[in-house]
Amino acid sequence: MSQVRKAIIPVAGFGTRLLPISKAIPKEMVPVVDRPLIQHVVEEALAAGINEIILVTRAGKSAIEDHFDAHFELEHSLASKGKDALLETLFAICPKHLKVTSVRQSSATGLGHAIYCAAHLLDEDEPFAVILPDVLVKSQVGSDKSDLGSMVERWSAKGEAQIMVEAVPRAEVQRYGIVDCDEPAAGESADMRGVVEKPSPEEAPSCLSVIGRYVLPHRIMALLSDQPPGAGNEVQLTDAIDRLMQEGNTVQAFRMLGRTFDCGHIEGWLQANTTLAREAGYEV
Ligand code: G1P
């Protein structure tokens, strides 16, 4: 079974829900406690054994690429002053074994289209992860394994696609992809029968929402190549995953153990800041 080594992170969105913060700063660069949101997400990928990040980006968001690039003048300045601790902080952003590549999304035509923009950067038949960076996923307190790490392990063991889910109130299902499956216990996976993007509360097959962490087989790229627009007239990753199942492939819903913060809107971002700050020992 091919290992999951790459994660595609779509970062081409406008971040309108975070305006005015996100007018001139990419929303992925907004800080959560002591580092930008995107750095938390890349650290999550690294902890799951993923060492190549493919950013799907657009004009005006180069601060994200700069964040993971070397900064020679700053490094030289810190080194010449003997500021070793700060230098280490700088080098930890992009450790030597991490590769960050980027590709541009030419048109804002949906998540499925964004993911497909990275198709040529995968090897033949290579599986991959998708991480939506608005959502910060925090591991269960005291657990040494992350939820994404568990999903990658499950893929390695059986080659079955994994979609991270959590329960949401039925009134909120139309904000998410909603899976059709018997409810797995937390930390477990269950076979899915289908998945639907942003259903109405009456039509939703369950209250288990897609969080924004996926481990997918290469086949999904072929499905995305001719995926017609779906909900919101956008090419939906959810629809291609549903087709993957209709073709007879096993796709599992992995019910997370940890906690999510939707940093794409102010309230979730504030909660992430206060929760993570307290855990890090700050008085807030
Ligand atoms: C995307 C996905 C959706 C998922 C959600 C999680 O929707 O299409 O299936 O539940 O992210 O945040 P978006 O929030 O981009 O509309």
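Whatever order the structure lists them in is the order used to number ligands and atoms, beginning at 1. If you read the sequence from its start, that first residue is 1, and numbering goes on from there.
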Steps toward side-chain contact (heavy atoms from CB on, under 4.5 Å) verdict (V284, R278) | CA-CA 7 Å; V284 286; R278 282 189 190 126; 3.7 Å; yes
Within ligand 1, which atoms have a heavy atom of [X] less than 4.0 Å away?
| X | result |
| --- | --- |
| T238 | 9 (O) |
| I211 | 6 (C), 12 (O) |
| L132 | 1 (C), 11 (O) |
| G177 | 3 (C), 4 (C), 9 (O), 10 (O) |
| Y176 | 10 (O) |

Among side-chain atoms of E44 and S146, is any donor-acceptor pair under 3.5 angstrom?
->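 Side-chain D/A pair, E44 to S146: absent.
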Kindly indicate whether atom 15 (O) of ligand 1 is approached by any protein heavy atom to under 4.0 angstrom.
->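 Looking at atom 15 (O) of ligand 1, one finds that no protein heavy atom lies closer than 4.0 Å.
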Answer yes or no: does an N/O atom from L111 fall short of 3.5 Å to an N/O atom of ligand 1?
->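 For ligand 1, there is no N or O atom that lies under 3.5 Å from one belonging to L111.
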Best match, E197, Q236, K198: closest heavy atom to atom 13 (P) of ligand 1 |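 Shortest heavy-atom distance from atom 13 (P) of ligand 1: K198.
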Among D134, V210, I241, closest by any non-hydrogen atom to atom 4 (C) of ligand 1 |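 Going through D134, V210, I241 one by one, V210 has the nearest heavy atom to atom 4 (C) of ligand 1.
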Distance-only, no hydrogens or angles: does the R243 side chain make a donor-acceptor pair with backbone N or O of L223 under 3.5 Å?
->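 Yes.
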Got a donor-acceptor contact below 3.5 angstrom from the T101 side chain to the I54 backbone?
->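 Side chain of T101 to backbone of I54: no pair is present.
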Counting heavy atoms not belonging to F68, are there more than 12 under 6.0 Å from its CZ?
->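 Yes, because the 6.0 Å sphere around CZ of F68 holds more than 12 heavy atoms from other groups.
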For H97, look at atom NE2 and say whether over 12 heavy atoms of other residues, nucleotides or ligands are found less than 6.0 Å away.
->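 Yes - once you tally the heavy atoms of other residues, nucleotides and ligands closer than 6.0 Å, there are more than 12.
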Charged N to carboxylate O under 4.0 angstrom, R17 versus E267?
->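 No, no charged N to carboxylate O under 4.0 Å.
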